[in-house]
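A quick write-up on the structure given underneath.
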There are 2 protein chains.
Amino acid sequence: MAYITYPAAGDAKTPANPAANQLSLRGSFAEFGAKAQVFGAHDVIFYEGDPAKRLYELAQGTVMLFKLLPDGRRQVVEVLRPGDIFGLANQNEHECTAETLTGAHVHEIDLKQIEGSPDLQRKLTKCLMAQMQVLHEHAVLLGRKSAVERVASFLMYLVPERGGVGCPGPSDEENDGYDLHLTMTRQEIADYLGLTIETVSRVVSDLKRRGIIRIDRADRIHLTKVCRLCQMTGIH
Amino acid sequence: MAYITYPAAGDAKTPANPAANQLSLRGSFAEFGAKAQVFGAHDVIFYEGDPAKRLYELAQGTVMLFKLLPDGRRQVVEVLRPGDIFGLANQNEHECTAETLTGAHVHEIDLKQIEGSPDLQRKLTKCLMAQMQVLHEHAVLLGRKSAVERVASFLMYLVPERGGVGCPGPSDEENDGYDLHLTMTRQEIADYLGLTIETVSRVVSDLKRRGIIRIDRADRIHLTKVCRLCQMTGIH
DNA sequence: CGCCTGGTTGACCAGAGTCAAACCTCGTGG
DNA sequence: CCACGAGGTTTGACTCTGGTCAACCAGGCG
């Protein structure tokens with residue numbers, strides 16, 4: 001049996017954000033004659049500094065946006081899910097690089113086309129507001145949380161319906177588990193969380209030692225106590 | 001002679017962002033019958049968790065948005081300037097608190113009114129894209145920069161026309177100075193930069209010792225070598 | 001079978017946080 | 001007019017979290 005480290009689009013993580021998925025169905029770029037593009041895992045969609053002419057809507061898969069400092073330090077600024085829109089540029093240059101984490105389907109659409117369509121404008125605004133909120137939360141994580149809190153927050157972010165303000169708590173106290181498939185390497189996680197690869201690894205090992213998670217392969221994590229993990233995110 | 005620590009709206013910092021100011025003139029909320037509001041320094045415009053019904057456009061002064069963790073840790077997620085729009089909420093609750101730093105003039109407008117106006121939609125989109133870019137840069141600062149780089153970046157952010165990608169460099173090598181008026185306390189700066197008040201103070205003292213800045217009152221800083229400071233931001 | 005990549009672990013170090021004390025500046029009231 | 005107090009700021013001594021550097025490990029592939 002052959003495992004692939006970075007599964008093609010449509011992997012287990014896709015349904016993690018059903019709301020975003022719905023969003024992408026109603027008033028999707030596709031309905032407006034957007035060009036569909038398919039990317040492999042770890043393909044660059046555009047580089048920081050590239051001329052920005054169109055907008056992209058992620059239809060399937062996962063994409064990350066990152067920025068680099070001249071000495072090579074990297075910060076992943078967003079991890080996108082199906083339904084998210086990216087590639088907006090204030091000036092006419094992209095201010096960050098977009099790279100796929102998994103295989104991905106992307107719809108491209110012209111900026112001018114959006115300006116002309118109130119429907120697309122509305123969809124865009126809604127999406128931007130949601131992303132803004134995520135960026136705010138991420139600023140709190142980067143500016144104020146400890147390493148453990150960052151990793152816990154990251155893992156909780158991958159569990160649908162849990163960890164948010166309206167978290168229902170464990171439905172079954174005894175059986176509060178969840179299976180995760182990581183589409184990011186330790187380096188990518190570290191660059192997203194503002195940590196080093198070693199620190200991420202140490203924290204993960206520590207969670208394992210404490211029985212909060214279980215790992216057999218580096219990219220598959222079983223959370224045994226979701227609620228317990230959630231209490232380590234710093235938001236409780 | 002009476003000094004006021006937090007000058008009323010229309011202080012020296014207002015013209016720092018002429019582009020944003022222009023933006024606020026063309027297609028301003030005011031033209032669409034928005035209600036004008038005046039706030040004093042350190043007034044709260046809305047709290048995290050308040051019901052979100054309208055949008056706000058900052059016309060004059062400075063406003064910060066911040067989020068709190070339950071144990072009191074605070075992260076300032078945005079510092080807004082005239083022309084910026086805030087108060088957007090994904091759900092129907094504000095996800096952060098908005099507090100004025102100086103006296104401020106704010107235009108309020110109903111969400112529904114925006115949905116109906118393509119002009120406002122366009123303006124909103126443009127503003128959101130600009131803010132997004134600032135948030136991305138801030139993520140790099142919080143995730144990857146050292147204390148000195150953070151403070152240097154912060155100070156450069158207050159110098160108009162300098163430090164960006166299209167920085168013209170010093171127009172006059174010998175006389176590359178700039179006078180700043182800080183509208184934020186050390187605590188607010190620390191919470192914006194993801195540092196402690198002591199670290200900010202130490203870094204500032206160090207810059208002073210090295211002759212890069214000069215300070216007579218805590219909220220007035222003279223940068224003696226802008227280009228030199230810029231080279232400490234980590235982006236060169 | 002051995003290399004290569006990504007991940008883990010350990011020892012050590014440094015940058016930033018914590019705690020505490022001293023210091024200004026400004027406003028208030030005797 | 002000066003003493004006092006409150007807030008915000010600065011400085012020092014010490015601690016600790018997370019970074020650095022290096023060795024080691026495991027799985028996948030040629």
Side-chain angles (χ1 to χ4, degrees), chain A residues 1-7 41-42 69 71-75 101 141-154 182-210 213-221 232 234, chain B residues 1-7 41-42 69 71-75 101 141-154 182-210 213-221 232 234:
Chain A
M1 184 177 192
Y3 281 116
I4 41 171
T5 312
Y6 299 98
H42 293 274
L69 289 174
D71 62 0
R73 281 176 285 179
R74 183 172 77 159
Q75 179 63 46
L101 291 170
L141 181 145
L142 293 174
R144 290 297 176 215
K145 289 193 183 176
S146 71
V148 192
E149 287 170 338
R150 291 181 202 207
V151 173
S153 301
F154 173 71
L182 290 186
T183 55
M184 298 166 84
T185 65
R186 293 290 186 273
Q187 185 63 65
E188 285 155 357
I189 296 172
D191 286 346
Y192 182 52
L193 300 181
L195 299 170
T196 59
I197 195 171
E198 293 96 332
T199 301
V200 172
S201 187
R202 266 186 261 273
V203 171
V204 167
S205 296
D206 196 53
L207 291 175
K208 197 162 56 178
R209 224 167 290 128
R210 291 158 68 178
I213 62 177
R214 227 175 29 227
I215 304 184
D216 19 284
R217 268 195 18 248
D219 63 334
R220 288 220 158 272
I221 297 188
M232 305 173 72
Chain B
M1 187 179 198
Y3 282 115
I4 42 170
T5 313
Y6 299 98
H42 294 273
L69 290 175
D71 61 2
R73 280 176 286 179
R74 182 173 77 158
Q75 179 64 47
L101 291 171
L141 181 145
L142 293 173
R144 288 299 176 213
K145 289 193 184 177
S146 71
V148 192
E149 288 170 336
R150 291 181 202 206
V151 173
S153 302
F154 173 72
L182 289 187
T183 55
M184 297 167 85
T185 65
R186 293 289 185 275
Q187 185 63 65
E188 284 155 358
I189 295 171
D191 287 346
Y192 182 53
L193 301 180
L195 299 170
T196 59
I197 195 172
E198 292 96 331
T199 301
V200 171
S201 187
R202 266 185 262 273
V203 170
V204 168
S205 296
D206 195 53
L207 291 175
K208 197 163 55 179
R209 224 168 290 127
R210 291 160 67 178
I213 63 177
R214 224 173 35 226
I215 304 183
D216 20 282
R217 270 197 13 251
D219 62 337
R220 288 221 159 270
I221 296 188
M232 306 175 71

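Below, chains carry the letters A, B, ... as their sequence lines are ordered, and counting in each starts from 1.
Remark: B:Ile221 pairs with B:Leu155, B:Leu180, B:Leu182, B:Ile213, B:Ile215, B:Leu223 by the side-chain contact (heavy atoms from CB on, under 4.5 Å) rule, at least two apart or across chains.
With hydrogens and angles ignored, a donor-acceptor pair closer than 3.5 Å exists between the side chain of A:Arg202 and the base of D:dT20.
Under a 3.5 Å cut-off, the side chain of B:Ser201 and the backbone N or O of B:Ile197 do not form any donor-acceptor pair.
If you check every strand for non-hydrogen atoms under 4.0 Å, B:Ser201 touches a base.
Looking at the side chain of A:Thr185, the nearest of the listed nucleotides C:dC26, C:dG7, D:dT9 is C:dG7. Closest contact between the side chain of A:Ser205 and the listed nucleotides C:dT18, C:dT8, C:dC26 involves C:dT8.
Of all non-hydrogen atoms in B:Val200 and B:Arg186, the two that sit nearest each other are CG1-CD, 4.0 Å. Nearest approach of B:Met184 to B:Glu188, heavy atoms of both residues: CA-OE1, 3.3 Å.
Residue A:Ile213 contributes atom CD1, which lies 14 Å from atom C1' of C:dG7 at whole-angstrom precision. Regarding A:Arg186, its CZ atom lies at a distance of 14 Å from the C1' atom of C:dT9, rounded to whole Å. Nucleotide D:dT9 holds its C1' atom 14 Å from the CD atom of B:Glu188, rounded to whole Å. Rounded to whole Å, the distance from CG on B:Asp216 to C1' on D:dT9 is 15 Å. The interatomic distance linking B:Ile197 (CD1) with C:dT18 (P) rounds to 12 Å, in whole Å. Across the protein-nucleic acid pair, B:Leu195 atom CG and C:dG15 atom P stand 14 Å apart, rounded to whole Å. One atom, CG of A:Leu182, and another, C1' of C:dG6, lie 14 Å apart when rounded to the nearest Å. The CG atom of A:Asp206 sits 12 Å away from the P atom of C:dG10 (whole-angstrom rounding).
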Could you walk me through whether A:Arg210 and A:Asp206 pass the salt bridge (charged side-chain N to carboxylate O under 4.0 Å, His left out) test, one step at a time? CA-CA 6 Å; A:Arg210 291 158 68 178; A:Asp206 196 53; 3.3 Å; yes
Checking side chain to side chain contact (heavy atoms under 4.5 Å, CB included) for the pair B:Leu207/B:Met232: CA distance, chi angles, key distance, verdict? CA-CA 10 Å; B:Leu207 291 175; B:Met232 306 175 71; 3.7 Å; yes
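For the segment residues 143-151 of chain B, no residue has any heavy atom less than 4.0 angstrom from an atom of DNA chain D.
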Quick test: give all pairs of protein nitrogen or oxygen and nucleotides 22-25 of chain D nitrogen or oxygen below 3.5 Å, distance rounded to 0.1 Å.
none

Dump the pairs, protein N or O against N or O of nucleotides 12-14 of chain C, anything under 3.5 Å, distances to one decimal.
none

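Helix-axis bend for the helix from C:dC1-D:dG30 to C:dG30-D:dC1: the local axis fitted to the five terminal pairs at one end deviates from that at the other end by 20°, rounded to 10°.
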Donor-acceptor pairs under 3.5 Å, side chain of residues 142-149 of chain B to any protein atom, not counting sequence neighbours: which ones?
residue: B:Arg144; atom: NE; partner: A:Arg74; partner atom: O; Å: 2.8
residue: B:Arg144; atom: NH1; partner: A:Leu195; partner atom: O; Å: 3.2
residue: B:Arg144; atom: NH2; partner: A:Ala190; partner atom: O; Å: 3.1
residue: B:Arg144; atom: NH2; partner: A:Asp191; partner atom: OD1; Å: 2.9
residue: B:Arg144; atom: NH2; partner: A:Leu195; partner atom: O; Å: 2.8
residue: B:Lys145; atom: NZ; partner: B:Ser153; partner atom: OG; Å: 3.0
residue: B:Lys145; atom: NZ; partner: B:Thr233; partner atom: O; Å: 3.0
residue: B:Ser146; atom: OG; partner: B:Glu149; partner atom: N; Å: 3.4
residue: B:Ser146; atom: OG; partner: B:Glu149; partner atom: OE1; Å: 3.4
residue: B:Glu149; atom: OE1; partner: A:Arg73; partner atom: NH1; Å: 2.8
residue: B:Glu149; atom: OE1; partner: B:Ser146; partner atom: N; Å: 2.9
residue: B:Glu149; atom: OE2; partner: A:Arg73; partner atom: NH2; Å: 2.8

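Between B:Thr199 and C:dA16 there is no side-chain N or O to OP1 or OP2 distance below 4.0 Å.
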